[in-house]
J.: 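One structure coming up, written as structure tokens, with questions to follow.
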Amino acid sequence: MDGLVLDWFRAHARDLPWRRPGTTPWGVLVSEFMLQQTPVARVEPIWLDWMTRWPTPSAFAAASRADVLRAWGKLGYPRRALRLHAAAAVIATEHGDAVPSDVDALEALPGVGSYTARAVLAFGYGRRAPVVDTNVRRVVARAVHGAGDAGPARTRADLADVDALLPDDDATAAVVSAGLMELGAVVCTARAPRCGDCPVIAVCAWQAAGRPAYDGPRKPAQGFAGTDRQVRGRLLDVLRAATDPVERAALDAAWSDAAQRDRCLHSLLVDGLAEQHDDGRFALPA
DNA sequence: TAGACGTGGTT
DNA sequence: TAACCAAGTCT
């Protein structure tokens, strides 16, 4: 299966900015942070701007958190921006401004988990590493296990499944990893897989089984309207848009439920996404 | 370990 | 239209 994925990817890979020659491991790390739970189309312009502005970890670490959060814009989950900022500081001071190239050092960085660490190894350093994201888990669930979808993560088993698909050679394995993700992203999609365009259809266990429907547990629907996440987003939007610290009244206007608003404002302060000045006004953190 | 954590496009 | 989905991590 790896050979099929390899040939298909070489012929059909999307031209994404962070895949272009010359992208540094730092550029890859930035892209992976931004792509956590966020679609490619929304990441592209922000990533381009980011790399021009902050081409190295140390350059980025020197920026203020307010500048970082404004540059992050409405990418979502802004705590990722803060974690990337903290990770850059560690890289600059403890790793000589070079993104680590071993799993343990990478996973020790804030905001870097099992997926991101291996993605950096594979796409930043051309190394053989089982890269397991939601796309790859779906591809493996179908093509290897014949299931309709992936179901809950089985971390160790997922890593082993993907590891078994990778060729020995580092450079080739890295491309296969990119190919498996690409396959899940553009062909073996969650809702309406384009099996007619699939390079592994001849060896796909799901296809062979007659494409049975997924029968495992469904992840609970994640609401948004009315949640603290929405309120935090509203409050942060006010702070991002303001050039000067804002009065509490400006934040009060962003959400009518006072108790929820206060709770969310407090949580933003605790998370380091906002701060209160001595005069009582609020702003993005310095 | 289940749930929190942003945002917006698609079906 | 409401629900689903998008290159996860942390607690």
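Naming: A, B, ... by sequence-line order, numbering from 1 per chain.
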J.: With a 3.5 Å distance limit and no angle check, can you tell me whether A:Arg83 reaches the backbone of A:Val112 through a side-chain donor-acceptor pair?
T.: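 The answer is no, because no donor-acceptor pair under 3.5 Å joins these two groups.
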J.: Using whole Å, what does the distance between atom P of nucleotide B:dC5 and atom CD of A:Gln222 come to?
T.: 10 Å
J.: Which whole number of Å gives the distance between the C1' atom of C:dA7 and that of B:dT1?
T.: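 Per the computed distance, 23 Å lies between those C1' atoms.
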J.: Taking atom types as modelled, is there a side-chain donor on A:Ser177 or A:Arg118 under 3.5 Å from an acceptor on the other?
T.: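 On atom types as modelled, these side chains do not qualify, holding no pair under 3.5 Å.
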J.: Indicate whether the side chain of A:Ser101 and that of A:Arg127 have a donor and an acceptor atom separated by less than 3.5 Å.
T.: no
J.: Tell me what A:Ser31 touches on the nucleic acid: a base, only sugar-phosphate, or nothing, going by heavy atoms under 4.0 Å.
T.: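 If one applies the 4.0 Å heavy-atom cut-off, A:Ser31 turns out to touch nothing in the nucleic acid.
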J.: State whether the distance check finds a donor on one side and an acceptor on the other, under 3.5 Å, for side chain A:Thr134 versus base C:dG8.
T.: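 Side chain to base: no pair present.
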J.: Quick one: is A:Gln36 getting a side-chain N or O under 4.0 Å of the C:dG8 phosphate, OP1 or OP2?
T.: no
J.: Given atom CG of A:Leu273 and atom C1' of B:dA4, what is their separation to the nearest angstrom?
T.: 14 Å
J.: C:dG8 C1' sits how many Å from A:Lys219 NZ, rounded?
T.: 11 Å
J.: Using a heavy-atom cut-off of 4.0 Å across all strands, would you classify A:Thr227 as base, sugar-phosphate, or nothing?
T.: nothing
J.: Across the strands shown, which category fits A:Arg240 at heavy-atom distances under 4.0 angstrom: base, sugar-phosphate, nothing?
T.: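 Since only primed, P, OP1 and OP2 atoms lie under 4.0 Å of A:Arg240, the category is sugar-phosphate.
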J.: With DNA chain C as reference, determine whether A:Glu107 or A:Arg14 sits nearer its 5' end, using the nearest nucleotide of each.
T.: A:Arg14
J.: Rounded to the nearest Å, what distance is computed from the CG atom of residue A:Leu106 to the P atom of nucleotide C:dG8?
T.: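 From A:Leu106 CG to C:dG8 P: 17 Å.
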J.: By the 4.0 Å heavy-atom rule, please label A:Arg83 as base, sugar-phosphate, or nothing.
T.: sugar-phosphate
J.: Please state the P separation for the pair B:dG8 and C:dT9 - nearest whole angstrom.
T.: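 Per the computed distance, 23 Å lies between those P atoms.
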J.: May I ask you to evaluate whether A:Lys74 reaches the phosphate of B:dG6, defined as a side-chain N or O under 4.0 Å from OP1 or OP2?
T.: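 Checking B:dG6 against A:Lys74, no side-chain N or O comes under 4.0 Å of OP1 or OP2.
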J.: On DNA chain C, nearest-nucleotide positions of A:Pro39 versus A:Gly113: which is more 5'?
T.: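 Nearest nucleotide further toward 5': that of A:Pro39.
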J.: When the nearest nucleotide of DNA chain B is assigned to A:Pro220 and to A:Gly223 on a heavy-atom basis, which residue is associated with the more 5' position?
T.: A:Pro220
J.: For the side chain of A:Val40, counting heavy atoms from C-beta on, which of C:dC4, C:dA7, B:dG6 is nearest?
T.: C:dA7
J.: Could you give the CD-to-P distance, from A:Gln230 to B:dC5, as a whole number of Å?
T.: 12 Å
J.: Select base, sugar-phosphate, or nothing to describe what A:Leu180 touches, counting heavy atoms under 4.0 Å on all strands.
T.: nothing
J.: Does the distance from a Lys or Arg side-chain N to an Asp or Glu carboxylate O, for A:Arg19 and A:Glu182, drop under 4.0 Å?
T.: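 Yes.
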J.: Any Lys/Arg nitrogen of A:Asp149 or A:Arg138 sitting under 4.0 Å from an Asp/Glu carboxylate oxygen of the other?
T.: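 Here A:Asp149 does not pair with A:Arg138 in a salt bridge, since their nearest N and O are not under 4.0 Å apart.
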J.: Once you apply a heavy-atom cut-off of 4.0 Å, does A:Asp228 come out as touching a base, just sugar-phosphate, or nothing?
T.: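 Sugar-phosphate, backbone atoms only, no base.
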J.: Remember a base hit wins even if backbone is also touched, and classify A:Arg42 as base, sugar-phosphate or nothing at under 4.0 Å, heavy atoms.
T.: base
J.: Can you tell me how far P of C:dG8 sits from CG of A:Leu82, to the nearest Å?
T.: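 Going from A:Leu82 (CG) to C:dG8 (P), I get 20 Å.
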J.: Check the distance between B:dT7's C1' and A:Phe33's CZ and give it to me in whole angstrom.
T.: 19 Å
J.: Determine the contact category for A:Trp72: base if any of its heavy atoms lies under 4.0 Å from a base atom, sugar-phosphate if only primed atoms, P, OP1 or OP2 are that close, otherwise nothing.
T.: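 Since no nucleic acid heavy atom lies under 4.0 Å of A:Trp72, the category is nothing.
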J.: Remember a base hit wins even if backbone is also touched, and classify A:Leu75 as base, sugar-phosphate or nothing at under 4.0 Å, heavy atoms.
T.: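 Base: the residue A:Leu75, judged by heavy atoms under 4.0 Å, touches a nucleobase.
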J.: Taking only side-chain nitrogens and oxygens of A:Thr116, does any of them come within less than 4.0 Å of OP1 or OP2 of C:dT9?
T.: yes
J.: Describe the nucleic acid contact of A:Val131 in one word from base, sugar-phosphate, nothing, applying a heavy-atom distance below 4.0 Å.
T.: nothing
J.: How far does the C1' atom of B:dC5 sit from the matching atom of C:dC5, given to the nearest Å?
T.: 16 Å
J.: Salt-bridged, A:Arg281 to A:Asp244, with N to O below 4.0 Å?
T.: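 A:Asp244 and A:Arg281: not salt-bridged.
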J.: Go nucleotide by nucleotide along DNA chain B from the 5' end; which of A:Arg234 and A:Arg191 gets its closest nucleotide reached first?
T.: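 With A:Arg234 and A:Arg191 compared, the 5'-side residue is A:Arg234.
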J.: Does a nitrogen or oxygen in the side chain of A:Arg138 sit under 4.0 Å from OP1 or OP2 of C:dA6?
T.: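 True: A:Arg138 side-chain N/O within range (under 4.0 Å) of C:dA6 OP1/OP2.
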J.: C:dA3 P sits how many Å from A:Phe224 CZ, rounded?
T.: 15 Å
J.: At 4.0 Å (heavy atoms only), tell me whether A:Ala119 reaches a base, stays on the sugar-phosphate, or touches nothing.
T.: nothing
J.: Check this for me: does any side-chain nitrogen of one of A:Arg234 and A:Asp237 sit under 4.0 Å from a carboxylate oxygen of the other?
T.: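 A salt bridge is absent here (no side-chain N lies under 4.0 Å from a carboxylate O).
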